[in-house]
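Here the structure comes first, spelled out in structure tokens, and everything after it is commentary.
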Number of protein chains: 2
Amino acid sequence: MNQVQLAKQLKVSCESCSLSELCLPRGLTSIEMTQLDDHIERPRKLEASSLIYQPGDKFFGFYAVRSGGVKTYLTKKTGEQQILGFHLPGEIFGLDGIEHNSHRCYASTMDNTSYCAIPFEKLDELCGVLPDLRTQVYKLLGHEINCDHSHQLLLGQQTAHERLATFLLSISSRFKHRGFSATSFMLPMSRHDIACFLGIAVETVSRLFKSFQQQGIVKINRKQVDILDMNLLNGLVANCEETDS
Amino acid sequence: MNQVQLAKQLKVSCESCSLSELCLPRGLTSIEMTQLDDHIERPRKLEASSLIYQPGDKFFGFYAVRSGGVKTYLTKKTGEQQILGFHLPGEIFGLDGIEHNSHRCYASTMDNTSYCAIPFEKLDELCGVLPDLRTQVYKLLGHEINCDHSHQLLLGQQTAHERLATFLLSISSRFKHRGFSATSFMLPMSRHDIACFLGIAVETVSRLFKSFQQQGIVKINRKQVDILDMNLLNGLVANCEETDS
DNA sequence: AAGTGCAAATGACATGGGTCAAGTGTATAA
DNA sequence: TTATACACTTGACCCATGTCATTTGCACTT
């Protein structure tokens with residue numbers, strides 16, 4: 001136990017990380033967390049628009065964003081990209097590498113970003129002896145699956161208005177979850193990325209942001225978003241989602 | 001080992017199942033398979049258009065289709081549904097229940113269907129002692145995630161033509177994988193379901209099927225599909241997917 | 001403070017595919 | 001064999017959104 005305390009002094013640890021309640025170690029005991037901790041590589045730092053991995057790259061493990069932001073995406077040969085997810089601090093990415101032990105999509109930073117790397121091999125070993133960690137990993141994968149499903153509903157059945165409103169609400173609730181304002185925040189991604197994520201054109205994003213502003217729902221200046229009427233915003237998607245969160 | 005043989009005589013077992021190479025037990029040793037086998041409930045049988053579970057239902061575990069077919073879907077309050085996946089014999093569904101220990105989507109049969117039920121609690125326990133099974137479960141979840149990602153690319157970036165062609169190719173390759181013809185098969189789902197899955201209108205499905213026929217790519221009669229020119233069909237999506245399979 | 005480079009916004013126009021409304025099988029029942 | 005129902009097809013029309021071309025406006029140099 002003494003060397004554990006020593007280790008904690010020498011490097012950033014999960015236990016001392018302000019994001020641990022959102023991240024992989026959530027719900028683990030201190031001892032369990034330390035066992036996990038010992039295998040985590042950190043912190044890796046990259047500047048904006050750096051590629052973290054691309055299709056075919058060997059699967060190392062999961063990545064947890066500490067600061068900044070990451071997007072994952074697939075592309076058509078013709079170049080169009082479909083953004084699969086935006087990953088904010090405390091969120092995990094890299095799960096696309098599990099199936100084939102190599103990645104299927106691209107991951108790149110949207111901003112100066114630091115993140116932790118959790119080697120899958122070690123994680124799997126620990127899962128053999130720590131049932132709580134195993135559960136945590138299942139829930140993580142299950143969460144990704146459910147998010148993907150909601151996004152399929154959005155891409156397949158929602159109008160452009162509904163998509164953009166849903167998007168703003170999602171970002172808002174994620175900021176809130178991390179302890180920030182739910183109504184005033186900076187978008188970490190470009191208009192282009194928003195469009196690629198929602199399956200619409202950049203121009204449509206611009207026009208709808210303008211329209212939302214004219215309706216008094218939000219105030220948007222460059223990347224700064226202020227939600228003026230959360231009820232109205234919710235109303236834009238009220239007829240969309242069958243289930244509550 | 002004797003009681004194992006006895007058990008095999010008394011009930012359908014994974015080891016005797018023709019689908020085991022496609023299903024959860026793939027890659028397990030005989031002994032491992034038997035351990036898993038002992039906890040599987042089977043066979044459950046339902047007629048066409050029966051609801052298996054719906055949002056809010058308690059999560060029991062994974063389900064493996066033995067015969068027939070199952071669709072999973074989400075709905076908007078206004079009634080439109082987005083089909084998330086079609087599940088053919090040998091394929092697994094039910095993963096949407098992991099995150100919250102309750103299901104988030106609907107699952108219903110498309111035809112007279114029988115399936116096995118694998119209780120998650122037991123599966124998880126076994127995962128603690130059988131690393132191969134644990135890997136198998138991760139790959140299963142990883143596979144679902146990758147499929148969902150491809151489908152997001154389809155819904156977000158592909159034209160109606162490309163979507164329908166991709167769909168036919170997917171069904172074709174899944175029949176082939178199960179040892180059936182890749183070029184001549186019966187679609188297990190309605191036009192309506194195809195449309196809901198691809199995020200387009202039923203009428204568009206009809207028109208495109210007609211157009212594909214006129215181009216000599218396929219011959220379609222009701223649910224019977226004959227792919228006449230696989231190259232042409234591949235050509236319709238050639239510019240879409242960046243990565244190979 | 002003027003210059004350069006992008007991201008974003010705006011306007012004009014085009015169109016893929018949705019919607020609506022009939023029609024046409026095909027299968028089951030009587 | 002006729003009736004009924006339902007899945008599918010077809011045609012006419014139109015609109016939400018995409019595309020293309022231009023303009024605006026930050027941010028960062030020098």
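Just so we're clear, the structure is a prediction, and the values are computed from it rather than from any experiment.
For Arg174(A) and Phe167(A), the positive end is not near the middle of the six-membered ring at less than 6.0 Å and at most 45° from its axis.
The 12-atom threshold is exceeded at NZ of Lys223(A), counting heavy atoms of other residues, nucleotides or ligands nearer than 6.0 Å.
How far CG of Leu84(B) is from OG1 of Thr72(B): 5.0 Å, rounded to the nearest 0.5 Å. How far OG of Ser184(B) is from CZ of Phe175(B): 10.0 Å, rounded to the nearest 0.5 Å. The CG atom of Leu74(B) sits 11.5 Å away from the CG atom of Leu154(A) when rounded to the nearest 0.5 Å.
Considering every non-hydrogen atom in both Leu236(B) and Ala165(B), the closest pair reads CB-CB, 3.7 Å.
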Under 4.0 Å protein heavy-atom contact, by nucleotide of nucleotides 8-20 of chain D - B base, S sugar-phosphate only: SBBBB----SSBB
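Applying side-chain contact (heavy atoms from CB on, under 4.5 Å) to Leu95(A) and the options Phe59(A), Phe62(A), Phe120(A) leaves one that passes, Phe62(A).
For the side-chain contact (heavy atoms from CB on, under 4.5 Å) test, residues two or more places apart in sequence or in another chain that qualify with Glu99(B) are His143(A), Asn146(A).
Running 5' to 3' along DNA chain C, contacts with non-hydrogen atoms of chain A at under 4.0 Å begin and end at dA8(C) to dA12(C).
Rounded to 10 degrees, the angle separating the terminal axes of the helix from dA1(C)-dT30(D) to dA30(C)-dT1(D) is 40°, with each axis obtained from five end pairs.
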Side-chain donor-acceptor pairs under 3.5 Å in residues 188-212 of chain B, sequence neighbours left out?
residue   : atom : partner   : partner atom : Å
Ser190(B) : OG   : His192(B) : N            : 3.4
Ser190(B) : OG   : Asp193(B) : N            : 3.1
Arg191(B) : NH1  : Arg222(B) : O            : 3.2
Arg191(B) : NH2  : Arg222(B) : O            : 2.8
Asp193(B) : OD1  : Lys71(B)  : NZ           : 3.1
Asp193(B) : OD2  : Lys71(B)  : NZ           : 3.3
Ser211(B) : OG   : Gln215(B) : OE1          : 3.3

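One atom, CG of Asp193(B), and another, P of dC6(D), lie 16 Å apart when rounded to the nearest Å.
The side chain to side chain donor-acceptor pair (under 3.5 Å) pairs that include a residue from residues 48-64 of chain B are Tyr53(B)-Asp96(B), where partners are two or more places apart or lie in different chains.
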